[in-house]
2 protein chains.
Amino acid sequence: MTSLHEHAPAGQQPPADRPVALQPLPAGVRRTVLPSGLRIVTEHVAGVRSAAIGVWIGVGSAHESPALHGGSHFLEHVLFKGTDTRSALDISVQLDEVGAEVNAFTAKEYTCFHARVLDTDVPLAIDVLGDMLTSSSITDEDVEAEREVILDEIAMHDDDPDDVVHNLFAEQAWGDTPYGRPIAGTETSIAALTAEQVREFWRAHYTAPGIVVSAAGNVDHDEVVRLVAAAFDRRGFLDRTADPVAAPLLHAPARPAVQDVRAGTIVAERGFEQVNVVLGRRGLARGDERRFAMGILTTGLGGGTSSRLFQEVRERRGLAYSVYAFTTQHVGAGLVGVGVGVLPSKVDATLDVVRRELETVAERGLDADEVRRGAGQLRAGLVMGLEDTASRMHRLGKAEIVGDRLLDVDAVIARIDAVTPEDVAALAAEVLRGPEVLAVVRPG
Amino acid sequence: MTSLHEHAPAGQQPPADRPVALQPLPAGVRRTVLPSGLRIVTEHVAGVRSAAIGVWIGVGSAHESPALHGGSHFLEHVLFKGTDTRSALDISVQLDEVGAEVNAFTAKEYTCFHARVLDTDVPLAIDVLGDMLTSSSITDEDVEAEREVILDEIAMHDDDPDDVVHNLFAEQAWGDTPYGRPIAGTETSIAALTAEQVREFWRAHYTAPGIVVSAAGNVDHDEVVRLVAAAFDRRGFLDRTADPVAAPLLHAPARPAVQDVRAGTIVAERGFEQVNVVLGRRGLARGDERRFAMGILTTGLGGGTSSRLFQEVRERRGLAYSVYAFTTQHVGAGLVGVGVGVLPSKVDATLDVVRRELETVAERGLDADEVRRGAGQLRAGLVMGLEDTASRMHRLGKAEIVGDRLLDVDAVIARIDAVTPEDVAALAAEVLRGPEVLAVVRPG
C-alpha cells in the first residue's frame with residue numbers, strides 16, 4: 001500500500017530529480033502527487049458512461065541524442081509487446097474484450113499512452129497501462145519484430161503528402177537539431193537502434209516524477225489515485241529514480257538551438273500529383289501570453305471559410321481545395337505557417353497570393369470584425385471540444401506534463417475576448433515579416 | 001406559416017412522389033413529417049451545450065447517369081456559393097462568427113450538409129442550411145469556379161493511397177455501374193458537366209419528400225420543427241415536386257446490376273512507396289439481419305489488436321503497420337474486405353497470410369471467445385460513440401434517409417449479444433469463400 005497526499009502544499013519540492021512546478025488548477029480538476037512524484041489529475045464529467053485515461057511521460061523525440069533518433073517512438077511501440085505477467089496477446093485480448101480504445105503517440109516533448117473505456121472498465125485500463133509502463137519485458141525479439149513494423153509505419157507516413165511536407169518544414173526551420181528531426185526517426189536510425197539502447201531509454205526516462213496520469217469522464221478522483229498507485233507499484237517502479245548510466249540524456253532538448261529559425265527553401269520530389277507547400281516563420285513558444293492573439297491571427301488568416309486565405313485562394317481564384325494556417329508550440333520555440341496543396345500549374349500563383357496576404361496582414365493586422373469573428377470561432381471550438389472526454393483528458397494531461405497552467409474555460413474565454421485588433425496587429429508585424437521558411441514537395 | 005403534424009399515423013401516405021416507409025422509432029427520438037413530406041428527426045441529449053444538425057438528401061452518386069457522373073458532389077459544393085439573400089462570403093462570415101463547424105459530404109446513396117454549433121446558434125444554423133438548400137443561385141460563374149476546386153480535390157484524393165485503393169476495389173467489384181464509379185467523378189466527367197445540368201440535378205433531386213433534417217444535442221423538437229419549416233419555406237420549395245424534365249433520373253441506382261460482384265484483379269501504378277491492397281468479396285446489403293454477425297466477423301478478423309489479421313500480419317510477422325477488415329453496405333449490395341499497406345518486398349507474404357486466415361475462418365468460423373470479444377468491442381464502441389452529438393445526429397439522419405429502422409441502444413446490444421458462433425460460421429462460410437476481388441496500388 002502506498003500512502004498518498006493530495007494537493008501538495010505550495011513550495012513543497014516533489015521528491016524527484018526533476019523539478020516539477022505545480023501550477024494552480026481550475027475548479028473541478030483535482031491533482032494528487034504520489035510520494036514518488038507521479039502526478040494524477042482528474043476531472044469528473046457528468047452525464048457520460050465512459051472515461052478517457054492517459055499516461056503521459058515527459059520525454060519525446062526532442063530529448064534524443066542523434067544516436068538515439070526515433071528511440072522514444074520505438075520504445076512506445078515496444079511497451080505493447082508484453083510484461084512479466086501479460087503477453088502482447090494477453091494485453092490485446094483483455095482490452096479488446098471490453099472494447100477499450102487503446103493507443104499511444106509520441107510527440108517531440110512527450111509521449112502519451114491512452115485508453116477510452118466504459119466507466120466500469122477503468123480499473124482494468126489503469127492496471128494494464130501501469131503494467132505496460134512499469135513491467136514491459138523489452139526483449140531482443142520484441143525489439144526486432146517491432147523494428148519491422150516501425151519501418152512500415154515510416155513508409156506509410158512517407159506516402160502521406162501532409163506528413164512529408166510538415167517534416168520537411170521542421171527540418172528547414174530547425175535543421176539537424178532534436179526539433180528538426182522527424183519524431184519516428186529514419187530508416188537508418190531505426191535500423192541502428194539496439195535493444196539495449198531501447199531498454200536504457202526506458203530506464204532513463206520512464207520514472208515516476210516524469211509521469212502524469214490524467215483521467216476525465218465518469219471517474220472518482222480518489223478511486224483513480226488508488227488504482228494508479230497500485231498499478232504502478234510493480235518491480236519497485238515508484239522507488240526507482242533515473243538510471244545514472246542513461247541520466248545525461250535527460251533535459252537535453254537543445255532549446256537554445258531551436259529559438260533561431262533558419263530561413264530558406266527545402267524541396268523534395270515525390271510521386272504525388274499535387275504540389276504540397278508549407279510556408280512560414282518563427283512563431284511563439286509554449287506558454288507565451290500572446291498565444292490567444294496568435295489563435296485569432298491564424299484563425300483570421302486561414303481558420304475558417306471566411307478567412308483571408310480561404311477566400312483569396314479557394315473562393316476567388318479556385319487555386320486549391322485545402323488551404324489553412326497553423327501554429328506549432330514547443331517549450332522554447334514555435335512556428336507559424338500556411339499549408340496548401342495545389343496542382344503544379346498553380347503553384348506560382350498560389351504562393352503569390354499567400355505571400356501577398358501575409359504581407360498585408362503583417363502591415364495592417366486584421367479588421368475589428370475579423371478579430372471578433374476569430375474570437376467567436378475560438379470560443380465555440382473550445383466549448384464544443386470539451387464535450388468530448390478524450391479532449392478533456394488530453395487537455396489536463398498535456399498541461400500537467402509540459403508545466404503549463406491549466407485555465408478554466410471561462411478564464412480562457414476572457415483572455416480570448418480581451419485580445420484587441422492592436423494586439424493582433426503587433427503580433428502579425430512581428431511574426432509574419434522577414435525571411436521565410438518554405439518547404440515544397442513536388443512531383444519528381 | 002406551415003401547419004405541422006407529428007408522428008404520422010401508420011399507413012398514411014406522405015404527400016410525395018417518392019414513397020416513404022416510416023419506420024417505428026426508439027424512445028427519446030421524435031419525428032415530424034411536414035405536409036410537404038420533409039421529415040425532421042431529433043433527439044435531446046442531456047448535459048451538453050451544443051447541437052449537431054444534418055440535412056440529408058436521398059440522392060448520391062449512385063443515382064447519376066453516366067453523363068452526370070460527379071453531379072451530386074458538384075452540386076453539394078455549389079450550394080455553398082450563395083443564395084438570393086446571402087453571398088458565399090455572407091454564409092461563411094455568419095457561420096464563422098459563431099464558430100459553427102459546417103461541412104457537407106456526398107455518399108453513393110445520399111448527401112449530407114451538417115453543422116455543429118452552440119445551442120444558442122441552432123436557429124442561425126438551420127436558417128443558413130435551409131437557405132442554401134432551397135435558394136442557392138447556382139450561377140454559371142459559381143459552377144466554373146467550383147469546377148477548379150473539385151479538380152483540386154480529386155487530385156488530392158489521388159495522392160491518398162487509401163482513397164485510391166478503395167475506389168479501385170469498388171471499380172473492380174461493380175464495374176462501370178453507378179456503384180462502381182468514384183463519388184467525386186473523374187477529371188473528364190467534371191470537365192464535361194454544365195451549369196444547366198447542375199441546376200437540373202438540384203431541381204430533380206432536392207425536393208421536400210427526399211429530405212430529412214436530423215438534430216441531436218441540446219435541442220427541443222418542436223422548436224427545431226418550427227425553425228426547419230420556416231427555413232425551408234423559401235421560393236415555394238415546400239410545394240415543389242420534382243421537375244418532370246429531370247425526373248427520370250430519380251430511382252435509377254441500378255440495383256440489380258450491383259448484386260453481382262465481379263471477381264478479378266485490378267492494378268494501378270502510382271508514385272507511392274508502399275503497396276496498398278484491398279482484397280474482398282461480396283458482402284451484405286444494408287438492412288440485412290445478419291449485419292450483427294458480420295460486425296462480429298469483421299471485428300474478429302481485423303477489428304482490434306487481438307484480431308486474427310493484426311496478430312498474424314503485424315504481431316507475429318511484422319509485415320505491416322496497418323491491417324484491417326471492413327464492410328460496405330448499400331441498399332442492394334455490399335462488400336466485405338481486408339485492407340493492408342506493405343512494402344513491396346512483403347506483398348506476396350502478406351497476401352498469403354491474409355488468404356490463409358480468410359480460408360481458415362471460412363472453414364471454421366471464429367472461436368466462442370472471439371465471438372464474445374467481438375460483441376464486447378461492438379457494445380462498447382456503440383455506447384461510447386453515442387456520447388458525441390454529431391454521431392447521434394448522423395445515426396438518426398442516415399437511418400431515416402435510407403429507410404432503415406433505427407433501434408435503441410439496448411435493442412442493438414441485444415442483437416449483438418444474440419449472435420452465436422454458429423451464426424458467424426455460417427456467414428463466414430458464405431461470404432469468405434470463392435473468387436476474390438483484388439485491388440492493388442503499387443509503385444509505378
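Just so it is clear, the values below take in all heavy atoms, side chains as well, and ignore hydrogens, waters and symmetry mates. None of the values given here were measured: they were computed from a predicted structure.
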Residue pair Asp152(A), Val342(B): steps toward the side-chain contact (heavy atoms from CB on, under 4.5 Å) verdict: CA-CA 7 Å; Asp152(A) 290 327; Val342(B) 293; 5.7 Å; no
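The neighbour count for Glu144(B) CD, taken as heavy atoms of other residues, nucleotides or ligands under 6.0 Å away, is above 12. Annotation for Glu269(B): atom CD counts as buried by contact number, over 12 foreign heavy atoms lying within 6.0 Å.
By the ring pair (Phe, Tyr, Trp, His ring centres under 6.0 Å) test, His157(B) is found to be paired with no residue, residues two or more places apart in sequence or in another chain being considered. Scored by the ring pair (Phe, Tyr, Trp, His ring centres under 6.0 Å) test, Phe113(B) finds Phe80(B) as partners (sequence neighbours excluded).
Between Phe272(B) and Met156(A) the shortest side-chain heavy-atom distance does not fall below 4.5 Å. Side chains of His77(B) and Tyr321(A) form a contact here, defined as non-hydrogen atoms less than 4.5 Å apart.
One N or O on the side chain of Asp159(B) and one on the backbone of Gln274(A) form a donor-acceptor pair closer than 3.5 Å.
For Glu146(B), the part sitting under 4.5 Å from any heavy atom of chain A is the side chain, from C-beta outward, and nothing else. In this structure, chain B has no heavy atom under 4.5 Å from any part of Ile154(A). Only the backbone of Val98(B) has a heavy atom closer than 4.5 Å to any heavy atom of chain A. For Val117(A), the part lying under 4.5 angstrom from a heavy atom of chain B is the backbone only.
Going from atom CD of Glu315(A) over to atom CG of Asp142(B) covers 9.0 Å, rounded to the nearest 0.5 Å. For the atom pair Asp160(A) CG and Glu273(B) CD, the distance stands at 12.0 Å (nearest 0.5 Å).
Contacts with chain A were tallied for Ile91(B), Val93(B), Thr299(B), Leu118(B); Val93(B) has the most, counting heavy-atom pairs under 4.5 Å. Among Lys81(A), Gln94(A), Arg316(A), Glu101(A), the residue with the largest count of heavy-atom pairs under 4.5 Å with chain B is Lys81(A). Chain B forms more heavy-atom pairs under 4.5 Å with one residue of Arg270(A), Arg317(A), Lys346(A) than with any other, namely Lys346(A). Top candidate by heavy-atom pairs under 4.5 Å with chain A, chosen from Arg116(B), Arg147(B), Glu148(B), Arg372(B), is Arg116(B). For the set Ser92(B), Ala88(B), Ala155(B), the count of heavy-atom pairs under 4.5 angstrom toward chain A peaks at Ser92(B). Comparing Asp158(B), Leu95(B), Asp388(B) by heavy-atom pairs within less than 4.5 Å of chain A, the highest count is held by Asp158(B).
For residues 301-311 of chain B, the interface with chain A (any heavy-atom pair closer than 4.5 Å) comprises Gly304(B), Thr305(B), Ser306(B), Ser307(B), Gln311(B), sorted by residue number. Using non-hydrogen atoms only and a strict 4.5 Å limit, the part of residues 376-386 of chain B facing chain A consists of Gly376(B), Gln377(B), Ala380(B), Val383(B), Met384(B).
Using modelled atom types and a 3.5 Å distance limit, the side chains of Ser50(B) and Glu387(A) yield a donor-acceptor pair.
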